[in-house]
Amino acid sequence: MMNKQIIRERLVAHGAKLFKSPREFIRFTKDNDANKLLNNIEEHPHAFILACVMDRQIKAERAWLIPYRFQEKLGDFSIETLLTQSQEDIHKLMAEPKSLHRFVDKMAGFFFLAVQRIDGNYGGNASLIWKDTPSSATVVYRFLEFDGVGPKIASMAANILAREFKIPFADYFSIDISADIHVRRVFGRLGLTPLDATVEQLIFRARALHPEFPGMMDYPAWEIGRNWCKSRKPYCSNCYMNDMCPNATYERKNSGQPAASPDTRSRGTLENS
Ligand code: SF4
């Protein structure tokens with residue numbers, strides 16, 4: 001088997017193993033109370049959606065804290081309470097005393113509209129977006145219907161629901177790889193894409209490699225990037241791809257590698273590249 005095929009098989013196998021593993025608490029942010037709110041998709045499914053809506057043009061960590069900051073100010077994060085807030089109220093919650101987002105005006109509008117959509121389209125129960133085993137395309141499309149959500153976030157949201165929250169979908173064809181900085185670097189070094197591949201090249205490469213579930217390779221590639229395939233100096237001797245990776249051959253010939261401890265942090269959200 002060609003090296004690239006073996007690399008693909010390993011990424012898919014590792015991704016499948018993680019995909020089938022039991023649900024665990026996701027560390028979206030460094031704040032445990034914020035994470036508790038985001039993990040509680042049974043009682044507060046809208047918290048996850050509103051965090052996705054906020055996840056643009058700032059660090060993901062900061063965006064995913066926004067629902068919890070609202071909860072702190074309002075006393076609870078029920079959809080009923082959110083619906084009592086006018087657009088002006090939401091703007092105030094977002095802007096004062098400290099801006100929760102870099103683009104407060106725009107994002108307060110998106111937040112308000114998202115709450116209205118959850119009420120109008122789903123009767124206030126956001127989990128209807130992923131209930132009853134929908135196709136992955138349906139879930140991605142429903143996220144795209146929210147103002148401010150683009151394909152990258154919609155695919156990421158579907159991926160987190162399927163992979164981390166273990167929500168069953170009828171298929172996984174439309175869940176793309178998340179082209180963050182680690183995934184792009186690892187795909188390039190493994191020789192699966194050019195080192196300077198565009199986001200589109202990476203997405204379509206992943207689709208070609210594993211059309212049934214392109215996002216399946218997302219977590220394994222991210223994990224390799226986070227733990228061993230560092231941008232300045234990859235620790236190839238600890239990486240399980242080192243016998244196949246074209247760049248590891250170079251590293252083995254030219255330097256020794258220090259031991260690295262695996263980072264076991266959850267990959268709940270996109271890391272901004
Ligand atoms: S073997 Fe080295 S260069 Fe290749 S993916 Fe692993 S850490 Fe990166």
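Remember, it's 1-based here, ligands and their atoms both numbered in the order they're listed. We count residues from 1, following the sequence as given. Only heavy atoms go into these numbers, but all of them, side chains included; no hydrogens, no water, no symmetry mates.
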Is the distance from atom 2 (Fe) of ligand 1 to the nearest N/O/S atom of Cys236 under 2.8 Å? yes
Going by the atom numbers of ligand 1, which of them fall below 4.0 Å from some non-hydrogen atom of [X]?
X: Ala248; value: 1 (S)
X: Cys229; value: 3 (S), 5 (S), 7 (S), 8 (Fe)
X: Asn247; value: 3 (S)

Minimum non-hydrogen distance to atom 4 (Fe) of ligand 1, winning option of Gly188, Pro234, Cys245, Cys239: Cys245
Looking at Phe204, I want to see if its CZ is surrounded by more than 12 non-hydrogen atoms of other residues, nucleotides or ligands under 6.0 Å. no
Could you check whether any heavy atom of Leu190 sits closer than 4.0 Å to an atom of ligand 1, since that is the contact criterion I want to use? yes
Once you round to the nearest 0.5 Å, how far does CD of Gln85 lie from CZ of Phe111? 9.0 Å
By salt bridge (charged side-chain N to carboxylate O under 4.0 Å, His left out), which residues pair with Glu145, not counting sequence neighbours? Arg117
Work out which heavy atom in Ala47 is nearest to a heavy atom in Leu37; give both atom names and the distance. CB-CG, 3.9 Å
Which pair of non-hydrogen atoms, one from Met156 and one from Cys52, has the smallest distance, and what is that distance? CE-SG, 4.1 Å
